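Working notes, beginning with the structure itself.
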Amino acid sequence: MDASAPAGLPAEALDTARETLGGAAAVAGRLPEATGGALLDAAQRAFVQGMGTAAIGGGAVLVGAAVLAAVVLRRTERPADRAAGEPEAAVTAGR
């Protein structure tokens with residue numbers, strides 16, 4: 001947001017606006033209309049960009065977890081498969 005923030009903002013106001021979208025809205029409310037509007041617009045764009053980045057990252061983690069689960073679960077034997085392949089299971093089942 002630093003590059004798109006309006007010029008001439010006091011450092012303290014910029015720090016507060018940089019922390020949260022609510023902080024940016026509070027600072028924008030105390031500034032002249034043109035400057036406050038530009039600050040709020042910049043903060044909203046930064047927020048949406050951050051949410052998009054987080055969504056893409058979260059989606060990548062979910063896809064990775066799904067692939068890992070598919071690989072791990074394919075390697076495990078089902079109890080029925082294990083019993084059919086072991087002669088001891090057939091003897092135990094006949095008792």
Side-chain angles (χ1 to χ4, degrees):
M1 184 176 95
D2 293 338
S4 58
L9 283 178
E12 183 178 312
L14 188 57
D15 288 341
T16 302
R18 194 181 295 133
E19 292 294 319
T20 64
L21 185 57
V27 169
R30 293 187 305 237
L31 294 173
E33 188 175 335
T35 307
L39 175 65
L40 191 56
D41 185 51
Q44 288 171 337
R45 279 183 280 145
F47 180 80
V48 170
Q49 182 181 6
M51 288 296 291
T53 301
I56 290 170
V61 168
L62 287 175
V63 168
V67 169
L68 179 64
V71 168
V72 168
L73 292 175
R74 283 189 182 197
R75 292 183 183 170
T76 59
E77 294 181 29
R78 293 181 290 186
D81 293 343
R82 199 174 317 139
E86 297 176 5
E88 298 154 6
V91 173
T92 306
R95 289 187 189 172

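Treat the numbers as computed from the prediction; the structure is a model and nothing was measured.
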TODO: Kindly determine whether Leu40 and Gln44 satisfy side chain to side chain contact (heavy atoms under 4.5 Å, CB included), including the steps that lead there.
DONE: CA-CA 6 Å; Leu40 191 56; Gln44 288 171 337; 4.0 Å; yes
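Closest of all the heavy-atom pairs between Ala43 and Ala24 is CB-CB, 3.4 Å. The two residues Val27 and Ala17 come nearest to each other via the heavy atoms CG2-N, 4.2 Å.
Considering CD1 of Ile56 and CE of Met51, their distance stands at 12.0 Å, rounded to 0.5 Å. In this structure, Glu19 CD and Leu14 CG are separated by 10.5 Å, a value rounded to the nearest 0.5 Å.
Thr53 places a side-chain N or O within 3.5 Å of a backbone atom of Gln49 that can act as its donor or acceptor partner.
Within the hydrophobic cluster formed by Ile, Leu, Val, Met, Phe, Trp and Tyr side chains joined at under 4.5 Å, directly or through other members, Val61 stands alone, with no partner residue.
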